[in-house]
Amino acid sequence: MAGSSTFQAPKGVAEYVPPDSNAWLAVRDALSAPARRAGYGYVELPVFEDTGLFVRGVGESTDVVSKEMYTFEDRGGRSITLRPEGTAGVMRAVIEHGLDRGQLPVKLWYAGQFFRAERPQAGRYRQFSQVGVEAIGTDDPALDAEVVAIADEGFRSLGLSGYRLELTSLGCAQCRPAYRERLQEFLSALDLDEATRARAALNPLRVLDDKREEVRRQLVDAPLMLDNLCAEDAAHFSEVRVHLDALGVGYDINPRMVRGLDYYTRTTFEFVHPGLGAQSGIGGGGRYDGLMESLGGQALSGIGFGLGVDRALLACRVEGLMPADESRCDVYLVPLGATAKARLVTVAGALRKGGVRVDMAYGDRGMKGAMKGADRSGAAYAVVLGERDLDAGSAQVKDLRSGEQAAVPLDSLTNHLTEAVAQAHVPQGEPQ
RNA sequence: GUGGGUGUAGCUCAGCUGGUAGAGCACCGGGUUGUGAUCCCGGGUGUCGCGGGUUCGAGUCCCGUCACUCACCCCA
């Protein structure tokens with residue numbers, strides 16, 4: 001029981017406090033770094049939008065829209081929804097700001113919170129965090145490969161190795177309707193329960209990845225989209241594969257992959273980590289060639305992905321990875337007395353301006369408690385300053401790892417520490 | 001929305017067939033007048049989720065309720 005607070009976090013939200021929050025931040029940064037290196041521009045968008053945007057963009061028949069949205073009426077009587085996914089909002093912004101009228105493709109990335117009113121479960125939260133990209137304005141298969149490779153690089157840079165990438169093509173407006181009809185015909189001949197029949201009528205693709213053995217058995221001979229692509233889509237898909245192979249991105253073809261959002265066409269992919277329990281998807285995305293137009297924009301194709309920050313962090317834990325180091329600072333200052341404190345406050349300011357991470361013992365804790373604080377902080381050096389040292393014009397600088405301590409003249413204290421910290425960082429690389 | 005599991009200290013948990021709570025870690029203080037991590041000594045920090053009931057007596061049994069959690073569904 002967390003104290004006796006009357007309040008609790010809302011049901012199903014993921015919260016992170018130190019030290020865990022360091023790892024969360026590190027994961028989010030790692031997942032977005034590849035996009036930043038590939039020419040994607042950042043977009044900061046609202047977390048709520050006109051409800052109609054999601055109904056039209058994501059699709060009325062999807063579970064996300066039909067039963068998982070946080071929707072409310074604002075004071076002006078408008079229907080507002082907390083965003084359940086990122087792509088629709090990005091499309092809206094692209095159209096609204098005319099980004100599609102400049103050079104194509106438009107490449108954007110975002111990071112933020114999303115909301116779905118589902119029953120919480122391991123890895124499934126009502127407020128969760130995603131890093132995503134969208135590339136709009138060309139259907140060049142090389143761009144498909146770039147997008148997939150960027151996502152893969154994000155996970156790989158965290159050290160993750162236990163996930164797999166699944167890939168397929170969902171066809172286009174030309175070939176999918178015919179396939180869909182074929183599949184529906186096939187499914188109607190099977191022995192299925194009421195709920196599954198309803199699903200087959202609404203979204204037959206979804207029946208294909210049913211988990212139940214008695215259903216799977218009946219599906220072995222089901223027609224697959226991949227075998228029924230039109231010539232253009234088949235060529236597009238094989239070219240995507242050629243580029244992915246060239247990039248060294250490994251993947252499995254999963255012709256039964258299902259996506260929860262209606263807008264996906266052609267190249268579609270998902271990153272799955274088997275160590276996470278029932279919610280095993282750590283990221284997913286695909287092409288959405290009709291979306292822009294259906295939202296009132298030009299008829300431009302696009303492709304993007306969303307990567308789950310929370311789930312990627314869970315995957316890191318499962319694999320025993322530590323995405324961030326524990327140390328909160330490099331130098332910990334220990335003043336003894338008011339004069340020393342005043343002096344060290346200035347030193348702290350100077351060091352921080354120089355990029356050194358500094359903390360300090362506040363509250364006149366006394367030597368022992370202060371040194372304990374230094375130890376917990378993870379700092380490499382502690383600086384002790386008391387009357388004795390002030391008289392001598394120097395401070396005691398202690399290397400907390402070796403335990404060695406030496407007097408350093410006060411005039412050169414800042415320089416001395418800045419250099420010592422810089423040197424300590426070099427062998428480990430990447431100060432952050 | 002439908003099931004199952006669990007609610008005891010800041011955390012992880014123990015508490016047998018009912019006799020008003022305990023361990024480890026963490027935290028605080030001391031051993032050290034100016035030195036952490038190690039070591040030693042001391043400190044329990046708790047409406048046993050909440051509300052009723054049974055009983056001389058409930059953490060323990062019964063009912064209800066809430067919360068958390070896992071799974072179905074769905075997905076990041």
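Convention: sequence-line order gives letters A, B, ...; per-chain numbering from 1. Just the heavy atoms: all of them, side chains too, but no hydrogens, waters or symmetry mates, feed the values below.
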Quiz item: Is A:Arg116 salt-bridged to A:Glu85, cutoff N-O under 4.0 Å?
Solution: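 Salt bridge absent between A:Arg116 and A:Glu85.
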
Quiz prompt | For A:Ala35, all residues meeting side-chain contact (heavy atoms from CB on, under 4.5 Å), sequence neighbours excluded | solution =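 Once residues adjacent in sequence are excluded, the partners of A:Ala35 under the side-chain contact (heavy atoms from CB on, under 4.5 Å) criterion are A:Tyr40, A:Trp109, A:Val133, A:Ile150.
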
Test: salt bridge (Lys or Arg N to Asp or Glu O under 4.0 Å). Region: [range]. Which pairs qualify, not counting sequence neighbours?
| range | result |
| --- | --- |
| residues 146-157 of chain A | A:Lys107-A:Glu146, A:Asp152-A:Arg156 |
| residues 409-422 of chain A | none |
| residues 30-50 of chain A | A:Glu49-A:Arg92 |
| residues 204-215 of chain A | A:Asp63-A:Arg206, A:Asp193-A:Arg212, A:Arg199-A:Asp210, A:Asp210-A:Arg212 |

Self-check item: Pair A:Arg266-A:Ile303, side chain to side chain contact (heavy atoms under 4.5 Å, CB included): steps then yes or no
Solution: CA-CA 10 Å; A:Arg266 296 202 271 182; A:Ile303 181 167; over 6 Å; no

Quiz item: Between A:Gln184 and A:Ala200, is there a donor-acceptor pair closer than 3.5 Å when you use the side chain of the first and the backbone of the second?
Solution: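 Judged by distance alone, yes, a pair lies under 3.5 Å.
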
Exercise. Just jot down the salt bridge (charged side-chain N to carboxylate O under 4.0 Å, His left out) partners of A:Arg287, sequence neighbours excluded, or say none.
Key: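 Result, salt bridge (charged side-chain N to carboxylate O under 4.0 Å, His left out) vs A:Arg287: A:Asp144, A:Asp289.
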
Self-check item: Residues which pass salt bridge (charged side-chain N to carboxylate O under 4.0 Å, His left out) with A:Glu134, listed by chain and number, not counting sequence neighbours
Solution: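 A:Glu134: no salt bridge (charged side-chain N to carboxylate O under 4.0 Å, His left out) contacts found.
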
Sort me out a list of protein N/O and nucleotides 43-45 of chain B N/O pairs below 3.5 Å, or just none if empty.
none

Exercise. Identify the heavy atoms of A:Leu351 and A:Thr414 that sit nearest to each other, and give their distance.
Key: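 In this case the closest contact between A:Leu351 and A:Thr414 is CD2-O, 3.6 Å.
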
Self-check item: Evaluation steps, side chain to side chain contact (heavy atoms under 4.5 Å, CB included), between A:Trp24 and A:Arg28
Solution: CA-CA 6 Å; A:Trp24 186 88; A:Arg28 195 189 60 183; 3.9 Å; yes

If the [atom1] atom of [N] is compared with that of [M], how far apart are they to the nearest Å?
| N | M | atom1 | answer |
| --- | --- | --- | --- |
| B:G59 | B:G15 | C1' | 8 Å |
| B:C48 | B:U8 | C1' | 4 Å |
| B:A37 | B:G19 | C1' | 45 Å |
| B:G24 | B:C63 | P | 36 Å |
| B:A23 | B:G42 | P | 12 Å |
| B:C66 | B:U55 | P | 28 Å |

Quiz prompt | Aromatic ring pairing A:Phe155/A:Tyr163, orientation class (parallel under 30°, perpendicular over 60°, tilted between) | solution =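 Judged by the thresholds at 30° and 60°, the geometry between A:Phe155 and A:Tyr163 is tilted.
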
Self-check item: Pairwise side-chain contact, A:Arg241 with A:Phe237, heavy-atom cut-off 4.5 Å (strictly under)
Solution: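 SC-SC contact between A:Arg241 and A:Phe237 confirmed.
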
Quiz item: Taking side chain as C-beta onward, heavy atoms only, is A:Leu413 less than 4.5 Å from A:Leu385?
Solution: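 No - every pair of side-chain heavy atoms lies 4.5 Å or more apart.
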
Self-check item: Those residues of residues 155-171 of chain A lying under 4.0 Å from RNA chain B by at least one heavy atom
Solution: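 Under 4.0 Å from RNA chain B: no residue of residues 155-171 of chain A.
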
Quiz item: Which residues within residues 105-131 of chain A lie with some heavy atom under 4.0 Å of an atom in RNA chain B?
Solution: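 Contacting residues: A:Arg116, A:Glu118, A:Arg119, A:Gln121, A:Ala122, A:Gly123, A:Arg124, A:Tyr125, A:Phe128, A:Gln130.
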
Self-check item: Side chain of A:Lys11 (C-beta onward), nearest among B:A76, B:C73, B:C68
Solution: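 Looking only at side-chain atoms, A:Lys11 lies closest to B:C68.
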
Quiz item: Stem ranges for RNA chain B, with three or more consecutive Watson-Crick or G-U pairs under 3.5 Å?
Solution: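 RNA chain B forms these stems: B:1-7 with B:66-72, B:10-13 with B:22-25, B:27-31 with B:39-43, B:49-53 with B:61-65.
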
Within this structure, what is the [atom1]-to-[atom2] distance between [X] and [N], rounded to whole angstrom?
| X | N | atom1 | atom2 | answer |
| --- | --- | --- | --- | --- |
| A:Lys67 | B:U2 | NZ | C1' | 11 Å |
| A:Asp20 | B:C11 | CG | C1' | 12 Å |
| A:Leu208 | B:C73 | CG | P | 15 Å |
| A:Arg199 | B:C72 | CZ | P | 12 Å |

Quiz item: For every nucleotide of nucleotides 33-41 of chain B, 5' to 3': is a protein heavy atom under 4.0 Å from its base (B), only from its sugar-phosphate (S), or from neither (-)?
Solution: -BBBS----

